[in-house]
Each structure stands twice: as structure tokens, then as C-alpha cells.
Participant: 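Please find one structure pasted underneath; my questions will follow.
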Amino acid sequence: MEYKAIKGTRDFSPLQMQKRNYIFDTITKVYRSHGFLQIETPAMESLNTLMGKYGEEGDKLLFKILDSGMFLKPEEMQEFSSLFSDINDNNQTISINKATKMISEKGLRYDLTVPFARFVVNHRNDIVFPFKRFQIQPVWRADRPQKGRYREFYQCDADIIGSNSLMNEVELLQIINEVFSAFGLPIVIKLNNRKILSAFAELLGKADKITDLTVAIDKLDKIGLDNVINELQEKGFCKEDCEKISPLLNVKGSNEEKLLLLENIIGNIEIGRQGLEEIKYVLTKSNNADINNIELDITLARGLNYYTGAIVEVKALDMQMGSITGGGRYDNLTGIFGMPDVSGVGISFGADRIYDCLEEKGLFPKDIEVATKVLFINFGEKESDFCLHLATTLRKKGISCEIYPESAKLKKQMKYANDRHFPYCILVGEEEIKNSACVLKNMLTGEQETIAFDSLSEKLQ
RNA sequence: GUAUCUUUAGUUCAGUUGGUUAGAACGUCGGAUUGUGGUUCCGAAGGUCGUGAGUUCGAAUCUCACAAGGUACCCCA
């Protein structure tokens with residue numbers, strides 16, 4: 001095959017689309033029921049908007065778009081090529097960045113949150129705050145694909161911006177549970193707070209190294225405590241530091257027990273105290289709202305460094321799958337676009353990973369492959385003309401139907417009905433027209449009965 | 001950027017120390033059955049063995065290079 005979808009991207013068949021739409025529709029329905037309003041933003045954004053928001057690694061993973069219809073002037077051309085000769089020297093990254101800037105000013109969006117922040121800043125005068133928006137669109141990352149990881153995938157975001165209230169966190173947790181219970185997928189919600197992680201850094205007197213600290217801690221369940229400590233030491237944390245925090249990382253038990261321990265260690269650091277209060281509030285309110293699958297996980301860090309408060313991740317139980325939903329609070333994301341002091345909190349469902357989970361567990365609804373309810377068998381011109389009217393009547397009643405376009409052999413038409421998973425076939429031949437009736441065949445049971453035209457739509461409701 | 005595996009029919013795969021005409025299952029198409037599909041039976045079509053070079057009398061099989069795809073790191077959600 002010479003022509004195929006490029007690495008990390010996929011075509012979606014009709015059946016796959018029905019399954020995907022089931023996911024999107026379920027999430028959309030829950031979002032709407034909580035008063036979120038839908039927006040969309042363009043697939044591409046200015047590199048100014050995208051660069052520097054996701055850390056150094058994120059910049060590398062941005063898909064950049066080559067400028068079209070633009071030509072470099074001769075002197076620029078010279079500079080451009082000289083940048084490539086520099087690439088062999090030490091300042092590689094700088095040269096590549098410069099060269100990129102000369103020929104590319106746009107990129108594909110990397111997530112939905114940063115474009116949303118730009119959206120909020122651009123439309124601040126038209127937006128009613130607190131603004132609850134949802135957005136379901138693809139994002140692109142130039143990552144090496146592997147299991148549960150694609151170069152083009154959909155995120156389903158919901159954010160509340162312009163409100164500091166922790167009620168928003170609770171609402172998002174509710175949404176998570178509503179969505180996954182609709183899917184029938186058992187999950188655990190992992191909750192943490194960036195302020196607690198900041199307190200760790202402060203406890204060690206190394207507030208500036210918070211990123212190194214969180215990146216290392218995040219790996220705990222993957223590489224184990226010893227390796228985390230090794231990594232920390234490589235990043236410049238000393239042995240005493242590690243000894244101070246290792247009991248924190250090792251903590252097991254109920255949320256209450258963890259909180260108690262945290263209280264003792266970081267309770268007298270201002271930012272730690274704040275973090276603990278926030279977590280307690282969210283846990284208590286969630287409990288009142290019958291959310292009881294939250295696990296306080298102080299090793300949860302999350303890579304994106306714009307988070308400042310609550311951070312949350314969802315894992316499917318008993319599955320080898322990365323997190324299927326993530327989110328958190330960011331106090332100043334719009335600040336980078338010139339609109340400071342607006343706090344937001346949001347979550348994002350990873351539709352493609354959820355798809356993989358539902359597929360693996362066989363949780364898609366049984367009738368998902370039913371696209372159209374009725375097929376009219378075509379017996380010839382006179383008969384199909386007649387079916388045209390019947391079909392219009394059924395569609396007006398909200399019953400989807402189609403007429404087989406040719407008067408092919410019955411076997412062929414029935415096979416089509418079967419392959420396309422029509423639940424019903426209607427046969428209208430000469431005899432039936434004469435009697436103002438038709439044969440309705442149930443394709444699941446194989447049973448068929450003769451029904452008057454008048455009572456057809458009622459029967460199919 | 002690092003490591004590792006894979007590539008044979010539309011799909012999933014088999015293919016012996018290198019030996020004649022490269023096989024199976026499923027799918028597709030036709031027939032058994034011209035007003036009845038999903039079961040069954042019969043038949044057919046479908047392959048530059050990823051690409052290129054090398055070794056050999058002879059390569060799907062051995063060697064090398066390249067390409068594409070997967071998986072695990074790094075990283076990320």
C-alpha cells in the first residue's frame with residue numbers, strides 16, 4: 001500500500017464513528033446538563049500562542065506548519081542557511097529555533113486549554129463570567145506513538161474560568177463520575193494539590209526546584225522510591241532532603257491518615273496549610289455529594305506546569321492504560337496573554353483512550369451498530385415508488401429508514417440489511433400494495449408479520 | 001533522541017537444513033435458493049513474499065542497507 005494514513009493517525013470506519021460518537025454524545029450530554037457552553041477554536045494557532053506553555057519538551061512536540069506563499073529575501077536566505085551550518089556547533093537548539101521562526105509562524109494546537117485561555121482573553125468583553133465552556137476537538141502532538149498514545153487524538157475539555165470557588169472542583173468531580181458511570185467503566189479519581197507539592201519544595205528550602213521535584217515524584221509508582229531518590233539526587237537534592245520527604249512519598253492508608261501525616265509535616269508552612277485546607281474542603285463536599293472513589297495521592301504531580309491548585313487524574317481500574325482524564329486548577333493561565341488574576345479549573349476526557357478501554361472491556365452498548373432502523377426491500381419501480389411515500393411518512397415520525405436503490409435479488413438485499421444491522425425490513429410487493437399492507441420482518445428474530453400501512457409507524461416507534 | 005520487535009492474499013497468520021507451481025482461516029464474489037439475510041454445502045477470484053542490493057545452480061527463507069509500522073524508554077496525558 002503506497003498511500004495510507006500517516007504515523008500515529010487513524011481512519012475511522014462507520015462502526016468506529018458510531019462508537020466514538022457514543023463517547024462524545026455521552027460526555028456532551030453531561031457537560032450540557034451542568035450548564036457548560038460549547039465553543040471551538042481553530043486547529044492552528046500562532047506559534048507565539050503555543051510556544052513556551054508546555055515546557056521545553058512540549059515545544060519539541062508541537063507540530064509546526066511551514067509558511068506558504070512566503071519567500072525569503074536574499075539576505076534572509078543567507079541568514080537561514082548560515083543557521084544550518086551553526087547546527088553542527090554547540091548552540092543547536094538556538095539555531096533550530098531561529099531557523100524555524102523564519103519559515104514557520106503557525107502550529108497545530110497541542111491541547112485545548114491554552115487556546116481556550118487565548119479565547120477568553122480575546123473575547124473577555126463578550127463573555128459572562130464565571131464562564132463554563134466545553135470543547136471537543138482533536139489535538140496534535142509530534143510524539144512517538146505507542147499504546148494509548150496517538151499523534152492526533154481528541155480531548156473533551158470542560159473549564160470554569162473566573163471563579164475561585166472550590167465548588168467548581170466538586171462539580172468537575174461529579175461530572176467525572178457521571179460520565180464514567182454512564183459508560184459503566186469502574187475508575188478511581190486521584191486527587192492532589194500543587195500547593196502541597198510546593199510545600200514539599202519549601203520544606204527542603206528549594207522552592208525554585210519545584211518542577212524537578214514534581215517530575216521525579218510523579219514517577220514513583222512507575223520506577224519505585226529508590227529510583228526517585230536517585231533522580232532527585234541527580235537534580236541536586238541532597239541526602240537529607242530525600243530523607244525528609246521519603247516518608248511522605250511512602251505514606252499508605254486512608255485519605256484521613258494521609259492528611260494527618262501531611263498536617264504534621266507541612267501544616268505549619270503557609271502554602272502547605274492552604275493546600276491541605278483546599279483538599280479537605282473538596283473531599284468533604286465531594287463526600288456529601290456521594291462521591292467516594294477519590295484517592296488522595298500525594299505523588300500525583302502532572303507534567304503541565306501551569307497548574308497551581310487542585311490536580312486530578314482518572315485511571316480505569318484493572319487496566320494497562322495511562323490516565324483517561326486529567327485536569328486541575330490554574331490561577332494565571334490568561335496572564336500570559338495579558339489578562340492577569342483570573343482563575344480557572346478544568347478537566348479533559350481523553351476520548352481515544354476511553355474508546356480503547358470500552359473496547360477492551362466490551363462496554364459499548366449492544367445496539368451500537370444499528371445506524372438505520374428500517375430497510376425497504378426494492379421489488380421494482382412501481383413498488384419502490386410506493387415505498388418512497390411510506391418512507392417519508394416514517395421519517396416524519398422520527399423513524400430512520402432507507403430504500404434499497406436497485407431491485408436486486410432478494411438475497412442480495414437481505415444480505416445488505418443483515419450486514420448493515422437493520423433491525424427491520426419492510427417488504428412491499430404487488431400483492432401488498434393491493435391490500436394496503438406490508439410485510440414487516442424482524443431481522444433479529446427472523447419473524448415477520450403483515451401490517452396495514454396505517455399502523456406501521458406506531459408499530460415501529 | 002535511545003532500545004527492541006515486526007513486515008507473505010482485503011484481514012489475521014503458517015511456510016521444514018535454502019529446492020519444482022508460496023498455503024490456511026476469515027472476508028469478497030458466484031452457485032445450491034428468481035419473495036427472504038444471519039447457519040450449511042460447492043466453486044472462483046485474489047500475492048512485484050515491504051524496497052534495493054549481495055551470497056548461491058537456485059532466496060519468502062541467509063547477509064547488508066533503506067523504508068514503513070508496532071512496543072518500551074525519555075517525555076507526556
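So you know, we letter chains A, B, ... as the sequences are listed, proteins then strands, and number each from 1.
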Participant: Is the phosphate of rA77(B), meaning OP1 or OP2, less than 4.0 Å from a side-chain N or O of Lys315(A)?
Facilitator: no

Participant: Scan Gly148(A) against the nucleic acid and name what it touches under 4.0 Å (heavy atoms): base, sugar-phosphate only, or nothing.
Facilitator: nothing

Participant: Less than 3.5 Å between a donor and an acceptor, one on the side chain of Arg141(A) and one on the base of rC75(B), is that the case here?
Facilitator: no

Participant: Once the angle between the rings of Tyr404(A) and Tyr416(A) is folded into 0 to 90°, is it parallel (under 30°), tilted (30 to 60°) or perpendicular (over 60°)?
Facilitator: perpendicular

Participant: For the P atoms, the ones on rU33(B) and on rG38(B), what distance do you get once it is rounded to whole angstrom?
Facilitator: 15 Å

Participant: Is the base of rC75(B) touched by the side chain of Arg144(A) through a donor-acceptor pair closer than 3.5 angstrom?
Facilitator: no

Participant: Under the criterion ring-ring contact (aromatic ring centres under 6.0 Å, His included), which of Phe36(A), Phe116(A), Tyr31(A) is the partner of Phe134(A)?
Facilitator: Tyr31(A)

Participant: Checking only heavy atoms, does the side chain of Lys441(A) share a donor-acceptor pair with the base of rU36(B) at less than 3.5 Å?
Facilitator: yes

Participant: Can you tell me how far C1' in rG27(B) sits from the matching atom in rA9(B), rounded to whole Å?
Facilitator: 11 Å

Participant: Expressed as a whole number of Å, how far does the P atom of rC76(B) sit from that of rA14(B)?
Facilitator: 38 Å

Participant: Round to the nearest Å and state the distance from Asn378(A) atom CG to rU36(B) atom P.
Facilitator: 16 Å

Participant: Side chain of Lys147(A) only, please: which of rA72(B), rG37(B), rC76(B) is the nearest?
Facilitator: rA72(B)

Participant: Looking only at the side chain of Glu431(A) (C-beta and beyond, no hydrogens), which of the listed nucleotides rU36(B), rC75(B), rG35(B) gets closest?
Facilitator: rG35(B)

Participant: OP1 or OP2 of rG30(B) less than 4.0 angstrom from a side-chain nitrogen or oxygen of Lys415(A), does that happen here?
Facilitator: no

Participant: Within this structure, what is the NE2-to-C1' distance between His421(A) and rG38(B), rounded to whole angstrom?
Facilitator: 9 Å

Participant: What is the separation between atom CD1 on Ile433(A) and atom C1' on rG35(B), rounded to the nearest whole Å?
Facilitator: 14 Å

Participant: So what does Glu383(A) touch, heavy atoms closer than 4.0 Å: a base, only the sugar-phosphate, or nothing?
Facilitator: nothing

Participant: Do the two ring centres, one from Phe180(A) and one from Phe349(A), sit under 6.0 Å apart?
Facilitator: yes

Participant: Within this structure, what is the NZ-to-C1' distance between Lys434(A) and rG35(B), rounded to whole angstrom?
Facilitator: 15 Å

Participant: Check this for me: does any side-chain nitrogen of one of Asp352(A) and Arg20(A) sit under 4.0 Å from a carboxylate oxygen of the other?
Facilitator: yes

Participant: By the 4.0 Å heavy-atom rule, please label Ile324(A) as base, sugar-phosphate, or nothing.
Facilitator: nothing

Participant: Taking atom types as they are modelled, is there a donor-acceptor pair under 3.5 Å from the base of rG37(B) to the side chain of Asn418(A)?
Facilitator: yes

Participant: Between Arg144(A) and Gln146(A), is any side-chain donor less than 3.5 angstrom from a side-chain acceptor?
Facilitator: no

Participant: Is it true that Gln16(A) and Ser13(A) share a donor-acceptor pair across their side chains at a distance under 3.5 Å?
Facilitator: yes

Participant: Between rG37(B) and Gln448(A), counting only base atoms on the nucleotide and side-chain atoms on the residue, is there a donor-acceptor pair under 3.5 Å?
Facilitator: no

Participant: How many Å lie between CG on Asn442(A) and C1' on rG38(B), as a whole number?
Facilitator: 12 Å

Participant: Please report the distance separating the P of rU6(B) from the corresponding atom of rG54(B), rounded so that it comes out in whole Å.
Facilitator: 25 Å

Participant: Taking only residues at least two apart or on different chains, which pairs with a member in residues 397-408 of chain A satisfy salt bridge (charged side-chain N to carboxylate O under 4.0 Å, His left out)?
Facilitator: Glu402(A)-Arg420(A)

Participant: For Lys412(A) and rU34(B), give me the distance from atom NZ to atom C1', rounded to whole Å.
Facilitator: 14 Å

Participant: Counting neighbours of NZ on Lys19(A) that are heavy atoms of other residues, nucleotides or ligands and sit closer than 6.0 Å, is the number greater than 12?
Facilitator: yes

Participant: Glu57(A) has a side chain; which of rG31(B), rG69(B), rC75(B) sits nearest to it?
Facilitator: rC75(B)

Participant: Does Gly429(A) or Phe153(A) map to a spot on RNA chain B nearer the 5' end, using the closest nucleotide for each?
Facilitator: Gly429(A)

Participant: Check this one for me: any side-chain N or O of Gln146(A) less than 4.0 Å away from OP1 or OP2 of rA72(B)?
Facilitator: yes

Participant: With no hydrogens and no angle check, is any side-chain donor or acceptor of Gln413(A) less than 3.5 Å from a backbone partner on Asn378(A)?
Facilitator: yes

Participant: Without decimals, in angstroms, what is the distance between Leu300(A) CG and rA77(B) P?
Facilitator: 11 Å

Participant: Given rG37(B), is OP1 or OP2 found less than 4.0 Å from the side-chain N or O atoms of Lys411(A)?
Facilitator: no

Participant: Taking the C1' atom in each of rU12(B) and rG47(B), what is the distance between them to the nearest angstrom?
Facilitator: 16 Å

Participant: With P as the reference atom in both, quote the distance from rA53(B) to rU61(B) in angstrom, rounded to an integer.
Facilitator: 14 Å

Participant: How does RNA chain B look in dot-bracket notation if pairs are Watson-Crick or G-U with both distances under 3.5 Å, crossing ones as [ ], other-strand ones as |?
Facilitator: (((((((..((((.....[...)))).(((((.......))))).....(((((..]....))))))))))))....

Participant: Measure from the side-chain N and O atoms of Asn418(A) to the backbone N and O of Met414(A), and report whether any donor-acceptor pair falls under 3.5 Å.
Facilitator: no

Participant: Please pick, from rG38(B), rA77(B), rC76(B), the nucleotide with the shortest atom-to-atom distance to any side-chain atom of Glu313(A).
Facilitator: rA77(B)

Participant: Return the nearest nucleotide to the side chain of Asp419(A); candidates are rU28(B), rC75(B), rA77(B).
Facilitator: rU28(B)

Participant: To the nearest Å, give me how far apart CG (Leu112(A)) and C1' (rA77(B)) are.
Facilitator: 12 Å

Participant: Rounding to an integer number of angstrom, what distance separates rG1(B) and rC74(B) when you compare their C1' atoms?
Facilitator: 8 Å

Participant: Taking rG15(B) as the reference, what is the distance to rG31(B) when you measure between their P atoms (whole Å, please)?
Facilitator: 37 Å

